[in-house]
Amino acid sequence: RLSVTTSFANSGLAEVLLPEIQKDTGIAVELLIVGTGQALALGAAGDVDAVLVHSRAAEEKWLAEGNGTHRREIMYNDFVIVGPAADPAATAQTSLATEAFAKIADTQSAFVSRGDDSGTHKMELALWASAGVEPAGDWYRAVGQGMGAALNTAAGMDAYILADRASWLNFGNKAGLAITFEGDPSLFNQYAYLPVNPAKHPHVKAEAAQKLEDWLTSPRAKDLIEGYKIADQQLFVFNATDK
Amino acid sequence: MNDILQGLSQAAQLVITGDADLVEITALSLQVSLGATVIASVIGLPLGAWLAVNRFRARRFVIALLNAFMGLPPVVVGLIVYVLFSRSGPFGVLGLLFTPTAMVIAQVIIITPIIASVAHQAIRELWADYHDLLISLNATRGQRIRTLLWDGRRALMTASLAGFGRAIGEVGAIMIVGGNIDHATRVLTTAIALETGKGEFGMALALGFVLIAVAVLVNLGVHFLSRTERGSRW
Amino acid sequence: MNDILQGLSQAAQLVITGDADLVEITALSLQVSLGATVIASVIGLPLGAWLAVNRFRARRFVIALLNAFMGLPPVVVGLIVYVLFSRSGPFGVLGLLFTPTAMVIAQVIIITPIIASVAHQAIRELWADYHDLLISLNATRGQRIRTLLWDGRRALMTASLAGFGRAIGEVGAIMIVGGNIDHATRVLTTAIALETGKGEFGMALALGFVLIAVAVLVNLGVHFLSRTERGSRW
Amino acid sequence: MVSSILPLKIEAVTVRRGGRQILGPIDWVLDGQGLTILMGPNGSGKTTFLRVMHGLERVGRGQIAWNAAAGDVRARQAFVFQTPIMMRRSVLDSIAYPLLLDGVARQKAMTEAEALAAQMGLGGLLNQPAQAISGGEKQKLALARALIRAPDVLFLDEPCANLDGRATKEIERILTEVRAGGTRIVMSTHDIGQARRLADDILFLHHGRLIETGPKAAFFEAPKTPEATAHLNGDLIP
Amino acid sequence: MVSSILPLKIEAVTVRRGGRQILGPIDWVLDGQGLTILMGPNGSGKTTFLRVMHGLERVGRGQIAWNAAAGDVRARQAFVFQTPIMMRRSVLDSIAYPLLLDGVARQKAMTEAEALAAQMGLGGLLNQPAQAISGGEKQKLALARALIRAPDVLFLDEPCANLDGRATKEIERILTEVRAGGTRIVMSTHDIGQARRLADDILFLHHGRLIETGPKAAFFEAPKTPEATAHLNGDLIP
Ligand SMILES: Nc1ncnc2c1ncn2[C@@H]1O[C@H](COP(=O)(O)OP(=O)(O)OP(=O)(O)O)[C@@H](O)[C@H]1O
Ligand SMILES: Nc1ncnc2c1ncn2[C@@H]1O[C@H](COP(=O)(O)OP(=O)(O)OP(=O)(O)O)[C@@H](O)[C@H]1O
Ligand SMILES: [Mg+2]
Ligand SMILES: [Mg+2]
């Protein structure tokens with residue numbers, strides 16, 4: 001049993017991996033799709049066997065509290081800035097994510113923030129900070145929802161939003177939105193796998209969690225992950241290292 | 001378990017310190033839900049009475065439909081309202097999406113069937129009592145409905161309160177059409193969903209307890225107000 | 001607008017082809033919601049009757065509380081059930097979290113107040129009719145309640161159906177305690193929420209229409225079954 | 001006075017309920033003036049027949065026709081039910097209610113209702129809830145509510161069943177007055193003395209059929225059927 | 001027979017409703033055998049007084065005490081209401097209902113109820129819904145339901161108000177029989193003839209007070225109060 005962030009589930013990768021995992025290892029993975037914070041909380045309570053999220057600081061804090069055994073990086077994808085196709089803030093003309101953010105703030109273009117302490121939200125806040133902008137005002141809408149719901153809101157408001165590429169590509173309600181900015185390495189988004197600490201919760205299936213970890217870091221997983229494409233775009237880059 | 005205790009103490013703390021954010025979202029919750037309840041009652045109560053008073057071919061079918069609509073999934077209602085009011089939808093020009101007005105509209109759709117259905121049941125009993133008399137007195141259809149609504153007002157309060165209860169606790173629809181935007185459309189339930197997503201279970205429960213307290217207070221208030229004019233029989 | 005039409009056609013397609021996933025989640029939806037309705041009725045109907053029959057000091061307060069509990073926010077109920085059944089909670093050893101059983105438990109908590117409250121209203125009217133007779137015949141408290149439940153069974157059906165409606169459309173609580181796990185705890189409403197999150201409005205609406213159709217069918221079924229034994233007065 | 005809603009023509013009317021034919025076939029014409037008393041044992045169909053005339057019962061076969069040229073016929077009738085139907089209102093509001101339906105100003109309706117209530121001996125109960133007054137008081141209220149619109153045709157179903165001797169006398173006086181004013185009255189009763197005092201003519205129902213009709217004198221002095229004879233003597237009907 | 005639940009002692013009982021004192025203060029003892037008739041004009045408090053004795057009314061001041069040593073007193077009384085209360089059941093089920101409450105086997109209860117229904121002239125209506133039968137039939141049903149448990153004390157509130165002459169005669173015969181069997185009966189009526197035929201003694205209520213009590217003969221031949229005299233003559237009470 002694995003709790004994962006919504007952005008991972010929305011990417012559609014899970015639907016590719018799960019049947020293969022079942023085939024190769026015999027483990028029937030049950031996915032709980034929740035926010036990053038909730039995913040970690042479920043792990044801390046011992047209600048799942050492992051967690052797959054992307055929010056480094058929170059993960060390390062979680063480990064420090066003795067909730068898990070270790071952190072294993074699996075893969076990364078990247079964030080993109082999605083906005084009105086007309087790009088009123090001209091973010092496409094910038095080369096750095098921070099500049100793009102600064103332009104959005106300058107032009108007071110509507111911006112939807114996840115506002116839910118998720119990995120994406122933390123990334124967004126970090127970007128505002130390095131852009132030297134204190135995001136506030138009518139144009140800045142903190143919605144407090146999951147990735148998909150936030151995208152729906154942005155679509156409804158014709159607003160900019162920071163999204164992970166996978167969620168965006170899989171998103172069905174694109175309305176008038178398009179990617180306006182992408183490619184800055186500072187937008188990389190690292191996913192990590194964290195097994196729950198069996199010393200704290202003796203009932204967790206540590207063995208299965210270990211097996212799953214082995215599989216996720218295997219060449220077989222690499223092929224599948226890197227081969228997963230939507231609209232001819234590769235979404236994830238496998239970067240697991242040997243222990 | 002701890003979370004629950006923590007939630008209770010956090011709730012007490014928020015209330016005692018009169019937390020500004022809490023006051024804001026609670027006020028919006030009440031405003032949206034009471035607004036929706038009033039509008040839905042204005043539609044649903046006469047509709048329930050109308051269904052009790054009229055015999056027509058499809059009556060049983062309409063009533064079954066109404067009962068089924070009590071179960072309208074909020075998410076679906078939210079989606080439909082979203083589609084209708086989104087920029088590309090037919091009412092997009094009104095620019096109501098992500099405003100409290102849109103939330104009220106969604107809630108009205110959700111709770112009108114509940115109010116109408118519970119009202120219909122109450123009025124049906126009263127109509128069984130009054131039937132012969134009102135027919136004999138040659139009351140028009142409108143007069144019958146008005147008489148039943150007035151004489152059954154105590155039971156109809158339960159109908160409206162059922163609607164209010166559903167509205168104040170609802171989250172699926174208003175999340176979609178309101179967007180849970182901070183300082184604009186965030187209400188208690190969407191705030192709870194947010195805290196839950198963050199894994200802040202204590203805070204989520206605290207807000208939940210505040211919500212329950214608000215609902216209890218509204219119910220008690222209405223009951224005690226109506227008590228002053230209660231009939232002598234009960 | 002388009003989305004709605006697309007949803008309708010997609011729904012028709014899913015139903016006609018008898019999509020295996022659809023059948024599975026629809027069956028689970030029915031199983032969980034009907035199960036919860038039966039359990040909640042067994043608790044709520046006698047509770048409603050009991051409240052109608054007994055006069056005690058805190059009666060009005062309890063009734064107001066019950067009405068307020070109709071508005072229990074599903075997310076909060078979900079959280080509380082989660083906290084209780086989580087591994088680190090008091091009932092953690094049962095290992096019920098993320099199973100249909102946990103979903104039934106959460107739904108029972110949500111709909112019992114609705115069933116009890118609507119039942120109470122219906123029974124109160126009947127009790128006003130029967131009061132003198134049952135007191136005079138020296139019926140025990142239990143006999144009174146049983147008589148009222150039996151003779152009021154038609155109105156009580158509305159109460160149970162109201163509960164069922166709420167259960168089948170509910171998403172907040174079962175999402176938290178069930179987890180929306182594919183092939184295990186995914187039901188119609190959580191699937192709709194998932195599709196909405198993906199921005200797949202067509203699919204979400206399609207599932208929504210299926211859900212509404214299921215609710216309508218259950219209501220019609222119950223109505224027509226009960227019609228065969230309807231009283232002669234209505 | 002506008003044209004009368006009479007005659008009421010009843011042709012071959014039958015009523016079925018619960019798998020039995022409970023009334024009819026009945027042929028009868030209600031016309032002219034006066035007070036007709038409906039008699040018959042319990043369950044013979046008196047209530048059903050009165051309700052059929054007033055248009056409250058679905059009939060199986062047959063025809064019921066008022067003089068429809070006279071306009072809205074229902075508004076010019078009134079009915080006093082065997083079991084008084086009490087609204088969840090005060091005594092005064094209950095009596096005024098029919099006037100309010102007619103659009104009479106509230107103030108005026110209340111004044112009229114108060115006067116009528118006083119005449120009926122309900123003066124002291126105006127603000128009591130109608131559902132809480134005594135059985136006899138309810139019957140008086142129902143009668144007042146029926147009279148307040150001064151109907152052309154008045155149906156009464158055992159209106160004095162729960163009344164004391166004094167009230168019965170008073171009601172009989174009022175009915176005689178109303179009849180003198182031109183109101184056509186049809187009334188059922190089990191009180192043979194009352195029938196003798198009030199009736200112009202008698203209808204006798206048995207097993208849902210009108211087996212004897214005619215002027216009072218003939219009926220009481222020489223009933224034509226053995227059923228009527230037995231009924232008047234309080235014997236088992238053969 | 002086990003010890004009687006009598007006497008019933010009523011001491012200085014008063015009842016207030018709607019801001020008025022509608023009964024009392026009343027002192028009276030119900031004891032011995034026989035049939036007591038309660039008379040009095042509409043609204044004088046007959047129904048209220050019967051309900052007080054049966055324990056259905058909240059009393060303001062005063063004391064009501066059965067011979068509590070006799071066990072469960074309520075189970076050994078029965079009450080026939082002025083307006084019959086009909087359950088949403090068939091006629092047969094309604095009559096059998098009190099037996100079922102007592103835990104009598106369903107089969108046996110039904111057989112007994114059927115026999116009693118036949119005796120009451122309800123034999124043809126066993127499967128009709130109780131709420132759909134005629135006014136007189138409802139009164140008979142209510143009486144059958146009260147008699148089926150063979151109560152020690154029987155209260156009846158105008159039980160013959162809607163009955164025809166024949167049925168009234170039959171009910172009077174049954175009541176006489178039941179009284180002979182030892183049942184203590186208290187009954188209200190507006191029918192002076194019936195009171196003369198049935199009563200052993202009379203209670204006369206006026207404005208909620210028991211202003212005259214005594215054996216039948218004395219009451220009818222020489223009423224002590226002008227109120228009773230007027231009531232018997234159907235005159236306005238002074
Ligand atoms: N809805 C019904 N369903 C079944 N039977 C009915 C219904 N209404 C009336 N009846 C039966 O029809 C017969 C005639 O009823 P009705 O009320 O007209 O009698 P009635 O002459 O007024 O008697 P009473 O003097 O007792 O008032 C009765 O036997 C009654 O049981
Ligand atoms: N709940 C109540 N609230 C107000 N007044 C009441 C209530 N119950 C009874 N009364 C009044 O008390 C008086 C006595 O009522 P009760 O029913 O005992 O009279 P009764 O002698 O049985 O009359 P009747 O012959 O008309 O049946 C009546 O005037 C009635 O209006
Ligand atoms: Mg009748
Ligand atoms: Mg009385």
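Per chain, numbering begins at 1; letters A, B, ... match sequence-line order.
- Interface check for chain D: of the options E:Gly165, E:Gly40, E:Gly136, E:Gly124, the most heavy-atom pairs under 4.5 Å are formed by E:Gly136.
- Summarising the geometry, atom CD belonging to D:Gln82 is positioned 8.0 Å from atom NZ belonging to E:Lys138; distances are rounded to the nearest 0.5 Å.
- Among the candidates D:Asp164, D:Ile22, D:Leu232, D:Ile133, the residue making the largest number of heavy-atom pairs closer than 4.5 Å to chain E is D:Asp164.
- Between E:Asp191 atom CG and D:His190 atom NE2 the span is 13.0 Å, to the nearest 0.5 Å.
- Closest of all the heavy-atom pairs between E:Asn162 and D:Glu158 is OD1-OE1, 2.9 Å.
- The neighbour count for D:Arg58 CZ, taken as heavy atoms of other residues, nucleotides or ligands under 6.0 Å away, does not exceed 12.
- Residues E:Asn42 and D:Ala167 share a closest heavy-atom pair of OD1-CB, 3.6 Å.
- For chain D, no part of E:Asp157 is nearby; none of its heavy atoms comes within less than 4.5 Å.
- Residues D:Thr83 and E:Thr83 come closest through the heavy atom pair CG2-CG2, 4.0 Å.
- Looking at E:Lys140, only its side chain comes within 4.5 Å of chain D, counting heavy atoms on both sides.
- Applying the side chain to side chain contact (heavy atoms under 4.5 Å, CB included) rule to D:Glu172 yields the partners D:Thr168, D:Gln194, D:Arg197, D:Leu198; only residues at least two apart in sequence or on another chain are considered.
- Nearest heavy atoms, D:Leu125 versus E:Arg20: CD2-NH2, 3.4 Å.
- With a 4.5 Å cut-off on non-hydrogen atoms, D:Asn233 touches chain E through its backbone but not through its side chain.
- Shown here are the side chain to side chain donor-acceptor pair (under 3.5 Å) partners of D:Thr36, two or more places apart in sequence or in another chain: D:Arg184, D:Asp201.
- Contact record, E:Ser134 with D:Gly43: OG-N, 3.6 Å, taken as the closest heavy-atom pair.
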